[in-house]
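For reference, positions follow the sequence shown, starting with 1.
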Amino acid sequence: MDIKEQLRLIPELSGSYQFFDKDNTIIYVGKAKNLKRRVSSYFNKKHESVKLKVMVPQIVRIEFIITNSEVEALILESHLIKKYKPKYNVLLKDDKKFPYFLITKEDYPRILVTRKRNKNMLEGKYYGPYTNAKSMYTTLDLLKKLFPLKQCKTPKFKDRPCIYYQIGRCLAPCQKMITPEEYKKLIKNVELFLSGRQMQLVDELKSMMEKYAQNQEYEKAARFRDSYFDVLKTIEKQKVVYENTKINQDIISISTDEYIGGISLLQIRGGRLTNKKDFEIAKSDYDDEGEIITYFIKEYYQLSSEEDLPSEIIFSYKINPEDKEMFEKWLSAKKGSKVTINPKSNKKNEEILELALKNSNYHLEEMKVKSLQEIQTNYNETGCYIQEKLGLKKFPHRVECFDISHIQGTHTVASMVSFYNGMPKKSEYKRFKIKTIENGKPDDFMSMREVITRRYSRLQKENLEFPDLIIIDGGKGQLSSAVEILNELGIKNQDIVSLAKRIEEVFIPNKSQSVLFPSNSQALYFFQRIRDEAHRFAITFHRHLRDKDALHSELDDIKGLYTKNKKLLLDKYSNVAKISKLTKEELMLILSKNQAKIVYDHFNTQTKKLDSENKG
């Protein structure tokens, strides 16, 4: 049955849909309030998203499961994604990689760091997920100090406590040295801490300290006193966002470039900034930030424990009103109390959104640096993959990439950047002024012909080493033009490819089928990086030439005016119109008497001439 026939059978009901490829593998799972309308949209319109351009042609079969509501469809969708792991559904890491705190379900519970969705999932209360394992273990160490819970699953000894009791890290419930009621209060305090309700915890600890002191149980009072002051120290380190200690919010910000994106989530609990979580996404898989935030909310809060849910989720991106309503219903049901998405904006929310944006911007830059370091560290592997994928004759140790730049055909320039083992070698960068085309008549093919001729005829003439790989920024046309020139120069067996930006296709000479690197691969990032660097270098040169022309002013036409004095005048008065109205005395404040007279006479002679012409 072809796709058109399958679309006719889909009902206008809520549910989850699954796309299969020719190998009968699920490649995408989605959900919809109206299955027919949503699924049909994949086939009835032109897509800008790179992911959809690649994915949709692969769909050969559609299946769907009807649900009673869109909220049910959302939960089912999440379950199917976790079960089948479709390649086009990836946004966050799989939840098996995210650690959680677990308070075990035992007579005397313990606190553990664990993975929530493993096969032998332990019973108890989960708090998380956490994205920074190092800070998580620091928190665990603090919790064990503040609240000396049971450390061992089974007692080490039958008739005496173990070493954890002796060092103050356990109250030895296995030896009945603490009552079940007292232990439950200890667990309650841990839950308050992990839920971000530190101010409530402080009040609880203070109350217990005073209670035991009044009962003259000074050892217990001292233990609560120590915990009380330790928690206060922790709270002092947290930024106070709101004076209202009942405010619990998640603030989400997204920063992207053309290829990757960073998401930062700030957790505000009890009016204080208590935690930050960072996530990485492939920007090329999504059209805009609204689509990213929709997927993020769906995946992140599916992983989140009920205790970790906020009362408000705030971000500055537009999402579908139907999705907003559905998320609010779903999260409110999961939390057991109302969860609002993007309540009415206020000044404080705008301030904390700015803070979140600073964090996501920093996270994005951090990811870029990390990617470059990975390329440098793993370039042997990346280079081998590129060589095999593109069928290169040599390992691409040295790669040169070309780009053409102009605005409406003016100041056409070209750039060449050189990378060695995955990293830029700026000392070998080259810039070219294009000479063979008329100004105002752009011709990228002729420009590329010229720059390839100039570059490689010179290497031939001077008997210099050729690169292992040449990359042209453009499509099949630009590549054919470059190959033709190499052939005319008698350069044989030179590896050369082009990179087309539309869907990041790599074209190879004499091959009709382009090559697509995986969207999250180091090979694609390397190609994007060198292409963008060539583009940046060309744009910089183009701007330099344009600005140089713009600096030409009427001052250049004044005979006898020194260049340094032109600069002095422009620096102080910014434009010629202002300078032309200055008196001789005003000019003499920054120029010599003779230079001031030259400038004054030039403008005033022109003025008198114009007045005379007007009278005539």
Side-chain angles (χ1 to χ4, degrees), residues 91-92 128-132 134-136 139 195-199 234-301 303-304 308-321 323-324 327-328 331 335 338-371:
L91 176 67
L92 305 178
Y130 290 82
T131 58
N132 189 325
K134 184 179 177 182
S135 66
M136 189 180 185
T139 303
S195 300
R197 291 177 284 172
Q198 282 96 335
M199 294 309 296
T234 303
I235 291 173
E236 284 171 5
K237 295 175 185 176
Q238 297 170 347
K239 175 182 172 65
V240 177
V241 181
Y242 299 99
E243 294 301 324
N244 184 347
T245 57
K246 293 182 180 179
I247 290 179
N248 298 313
Q249 297 175 332
D250 280 355
I251 314 293
I252 306 170
S253 179
I254 303 168
S255 296
T256 64
D257 63 9
E258 288 187 79
Y259 317 112
I260 58 173
I263 299 176
S264 287
L265 183 148
L266 304 185
Q267 288 186 321
I268 296 167
R269 299 295 184 267
R272 290 174 179 269
L273 178 56
T274 60
N275 197 11
K276 176 179 79 80
K277 299 180 181 182
D278 292 322
F279 304 87
E280 180 178 346
I281 57 168
K283 170 63 173 70
S284 56
D285 290 345
Y286 303 94
D287 288 334
D288 54 38
E289 283 78 4
E291 187 180 357
I292 293 171
I293 203 80
T294 300
Y295 276 88
F296 178 78
I297 290 172
K298 187 165 52 178
E299 293 204 22
Y300 173 75
Y301 290 108
L303 300 179
S304 298
D308 211 37
L309 292 176
S311 301
E312 296 178 350
I313 300 169
I314 297 172
F315 48 84
S316 60
Y317 315 104
K318 289 183 179 179
I319 63 170
N320 188 309
D323 284 337
K324 178 179 181 292
F327 287 143
E328 288 179 336
L331 293 172
K335 182 179 174 65
K338 188 176 181 181
V339 176
T340 307
I341 293 175
N342 275 352
K344 190 175 180 181
S345 181
N346 57 54
K347 189 176 180 181
K348 184 58 75 173
N349 285 354
E350 289 171 7
E351 288 175 6
I352 196 69
L353 275 169
E354 283 184 21
L355 180 62
L357 183 60
K358 285 181 183 177
N359 278 274
S360 60
N361 284 342
Y362 176 78
H363 179 47
L364 178 63
E365 292 306 313
E366 203 173 37
M367 287 190 298
K368 288 180 181 178
V369 171
K370 185 181 175 184
S371 293

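Here E366 contributes atom CD and N359 contributes atom CG; the two are 10.5 Å apart, rounded to the nearest 0.5 Å. Considering CD1 of I293 and CD1 of I263, their distance stands at 6.0 Å, rounded to 0.5 Å. Note that the OG1 atom of T294 and the OH atom of Y317 stand 12.5 Å from one another [nearest 0.5 Å]. Between the CD atom of E312 and the CD1 atom of I268 there is a distance of 9.5 Å, given to the nearest 0.5 Å. Residue H363 holds its NE2 atom at 11.0 Å from OG of S253, rounded to the nearest 0.5 Å.
With contacts defined as side-chain heavy-atom distances shorter than 4.5 Å, the pair S264/K358 does not qualify. Side-chain atoms of I352 and I314, non-hydrogen and from C-beta on, never get closer than 4.5 Å to each other. Side-chain contact between N342 and I319: absent, with no pair of heavy atoms (C-beta onward) separated by less than 4.5 Å. In this structure the side chain of F296 reaches within 4.5 angstrom of the side chain of L265, judged on heavy atoms. At least one side-chain heavy atom of F315 sits less than 4.5 Å from a side-chain heavy atom of I341. Here the side chains of I254 and S360 are not in contact, with every heavy-atom distance at 4.5 Å or above. When side chains are defined from C-beta on, Y300 counts as touching K277, because their heavy atoms get closer than 4.5 Å. No side-chain heavy atom of N361 sits less than 4.5 Å from a side-chain heavy atom of L364.
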Quiz item: Yes or no on side chain to side chain contact (heavy atoms under 4.5 Å, CB included) for L357 and S255, after CA distance, side-chain angles and deciding distance?
Solution: CA-CA 7 Å; L357 183 60; S255 296; 3.8 Å; yes

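Paired with Y301 under the rule side-chain contact (heavy atoms from CB on, under 4.5 Å), one option of D308, L331, V339 passes, and it is L331.
A salt bridge is defined here as a Lys NZ or Arg NE, NH1 or NH2 lying under 4.0 Å from an Asp or Glu carboxylate O, and K324 with E328 meets this definition. For D250 and R269, the salt-bridge test passes: some basic side-chain N is under 4.0 Å from an acidic carboxylate O.
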